[in-house]
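Okay, so here's the structure we're looking at.
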Amino acid sequence: MPDFSLPQAPLQRLDLPWLQPAGVELAALRLDLIDPLISGNKWFKLRHHLIEARQASAPGLISLGGNHSNHLHALAAAGKRFGFATAGLLRGHAQDTPTVRDLRALGMTLHWLGYGGYRERYRPEFWQPWQALYPGWHCIPEGGGGMPGAQGCALIVEQCQAQLASVGWDDYHAWWLAAGTGTTLAGLVLAEAGRHPVHGALALPAGHGVAETVAGLVGTQGYELHDASRGGFARIDDELLAFIAQSEREAGMPLEALYTGKALLALREQVQAGRFGPGSRLVFVHTGGLQGRRGYL
Ligand SMILES: *Cc1c(COP(=O)(O)O)cnc(C)c1O
């Protein structure tokens with residue numbers, strides 16, 4: 001049985017001009033570089049789902065997302081790579097975006113649920129008709145969330161620790177990463193077990209249940225959440241875009257505007273506010289998502 005093992009994400013020092021005055025050192029764990037198609041944190045989140053699906057001899061995988069979804073994109077690519085059929089349940093009405101075209105090209109069957117239909121996704125009976133239509137298929141919650149998703153993300157910590165010497169560090173002080181559902185953050189908190197705090201830069205404003213989701217997975221210790229949403233998920237402003245363009249030049253690293261760009265900007269604010277003392281060593285997780293920016297950049 002293949003173990004769906006993941007390629008190593010490189011750890012790289014980031015030299016950004018706002019770090020030095022604060023005496024803070026930063027390294028990026030580049031999950032965006034692990035694979036051209038199954039990119040970012042999504043392969044980590046899918047790994048345990050893939051193992052469960054294989055163990056159950058499931059013929060296919062079903063999940064949900066929007067029409068720029070990084071999660072559905074990774075799922076379609078993983079299905080094609082590892083021999084599962086895939087079906088995607090999409091929010092809203094049929095649309096043609098670069099992501100949707102890729103989903104089709106990767107062989108995913110698409111069902112458009114409308115907005116009302118999509119809102120039903122938390123109801124217990126939501127999956128019944130899909131399970132009837134696709135008997136034996138493995139159903140994955142939105143965004144690859146839940147405990148299996150978090151468990152796969154524990155590997156992110158292992159990958160980082162295996163490479164510390166390559167950036168000249170023997171240890172680090174904290175993690176900083178973008179959070180959507182908070183599943184990836186929960187995985188880091190589980191793996192760290194209190195050794196290093198995990199800072200989540202939230203892509204959604206308060207009130208979307210992210211704090212509750214994380215608490216449900218790992219309790220309330222070992223992490224801190226920061227609002228990085230700039231007023232709303234997918235809300236993009238000129239300051240953000242200018243920061244991204246400048247950071248891409250300075251760091252030699254691509255960013256997108258919904259997660260990684262907002263997370264790095266929120267980190268700059270905290271560093272400049274003196275949140276991390278001189279000598280702090282931080283690991284920024286580049287969670288990927290670059291395919292999605294074709295939709296808006
Ligand atoms: C999906 C995604 C996230 C959010 O991950 P969660 O585990 O849902 O918190 C962060 N960054 C990028 C680029 C993503 O695609």
Side-chain angles (χ1 to χ4, degrees), residues 9 28-35 37-49 63-78 91 98-99 102 121 140-157 175-191 198-205 208-218 223-230 233-234 236 240 244 248 253-267 284-297:
L29 188 64
R30 299 283 308 273
L31 308 189
D32 59 310
L33 295 178
I34 62 172
D35 189 87
L37 284 175
I38 319 178
S39 173
N41 58 344
K42 299 304 186 278
W43 189 345
F44 292 86
K45 293 173 74 174
L46 284 173
R47 181 163 182 268
H48 284 250
H49 285 291
S63 194
L64 318 100
N67 58 24
H68 302 295
S69 169
N70 297 324
H71 164 63
L72 287 183
H73 199 268
L75 182 70
R91 177 174 46 233
T99 304
D102 282 358
R121 65 193 178 281
I140 301 176
E142 186 179 40
M147 199 41 108
Q151 283 165 335
C153 295
L155 282 172
I156 295 171
V157 174
W175 292 89
W176 190 277
L177 79 159
T181 62
T183 309
T184 307
L185 170 120
L188 300 190
V189 173
L190 282 177
V198 185
H199 293 266
L202 298 179
L204 285 84
H208 284 76
V210 181
E212 291 78 2
T213 303
V214 176
L217 288 168
V218 298
Y223 64 93
E224 209 176 294
L225 303 178
H226 308 264
D227 185 350
S229 70
R230 305 183 69 79
F233 181 68
I236 300 172
L240 174 68
I244 288 174
E248 288 185 326
M253 175 175 86
L255 296 164
E256 45 67 60
L258 306 194
Y259 294 103
T260 52
K262 285 182 177 179
L264 193 64
L265 181 50
L267 175 59
F284 176 81
V285 183
H286 191 312
T287 42
L290 297 167
Q291 71 81 27
R293 72 179 178 174
R294 294 172 299 174
Y296 57 84
L297 284 186

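Remember, it's 1-based here, ligands and their atoms both numbered in the order they're listed. All values derive from a computational prediction rather than experimental measurement.
Side chains of R91 and N67 form no contact here, defined as non-hydrogen atoms less than 4.5 Å apart. Looking at H71 and I140, their side chains come closer than 4.5 Å, going by heavy atoms from C-beta outward. Residues H49 and P141 are in side-chain contact: their nearest non-hydrogen atoms beyond the backbone lie under 4.5 Å apart. Using a 4.5 Å heavy-atom cutoff, the side chains of H68 and E256 are not in contact. With contacts defined as side-chain heavy-atom distances shorter than 4.5 Å, the pair L46/L75 qualifies.
Listed for the E248 side chain is a donor-acceptor partner under 3.5 Å among the backbone atoms of L255. Of the possible polar contacts, none joining the S39 side chain to the G288 backbone as a donor-acceptor pair under 3.5 Å is found.
Heavy atoms of N41 approach ligand 1 to within less than 4.0 angstrom. Residue contact annotation: G143 has no non-hydrogen atom under 4.0 Å from ligand 1. Contact between A179 and ligand 1 is present, with at least one heavy atom of the residue lying under 4.0 Å from the ligand.
Distances below 4.0 Å separate heavy atoms of G289 from the following atoms of ligand 1: 13 (C). Within the listing of ligand 1, atoms 1 (C), 2 (C), 3 (C), 14 (C), 15 (O) sit less than 4.0 angstrom from a heavy atom of K42. For ligand 1 and T183, the ligand atoms under 4.0 Å from any heavy atom of the residue are 6 (P), 7 (O), 9 (O). Ligand-side atoms of ligand 1 in range of T181: 6 (P), 7 (O), 8 (O), 9 (O), range being under 4.0 angstrom from any heavy atom. Taking every heavy atom of G182 and a limit of under 4.0 angstrom, the matching atoms of ligand 1 come to 6 (P), 8 (O), 9 (O).
Closest protein heavy atom to atom 13 (C) of ligand 1: G288 O, 3.2 Å. Atom 4 (C) of ligand 1 has as its closest protein heavy atom G180 N, 3.3 Å. Taking atom 10 (C) of ligand 1 as the reference point, the nearest protein heavy-atom neighbour is Y259 CD2, 3.3 Å.
At least one N or O atom of K45 sits closer than 3.5 Å to an N or O atom of ligand 1. Note: an N/O pair closer than 3.5 Å links T184 and ligand 1 by distance alone. At a 3.5 angstrom cut-off on N or O pairs, A178 does not count as close to ligand 1. Between T287 and ligand 1, at least one pair of N/O atoms sits closer than 3.5 Å.
At a heavy-atom distance under 4.0 Å, only side-chain atoms of N70, from C-beta outward, approach ligand 1.
From L177, atom CG reaches atom OG1 of T287 across 6.5 Å, with rounding to the nearest 0.5 Å.
Take R30 and apply the salt bridge (Lys or Arg N to Asp or Glu O under 4.0 Å) test, not counting sequence neighbours, and it matches D32.
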For residues 179-188, tabulate all N or O donor-acceptor pairs below 3.5 Å that involve a side-chain atom, not counting sequence neighbours.
from	atom 1	to	atom 2	distance (Å)
T181	OG1	T183	N	3.2
T181	OG1	T183	OG1	2.6
T184	OG1	N41	ND2	3.0

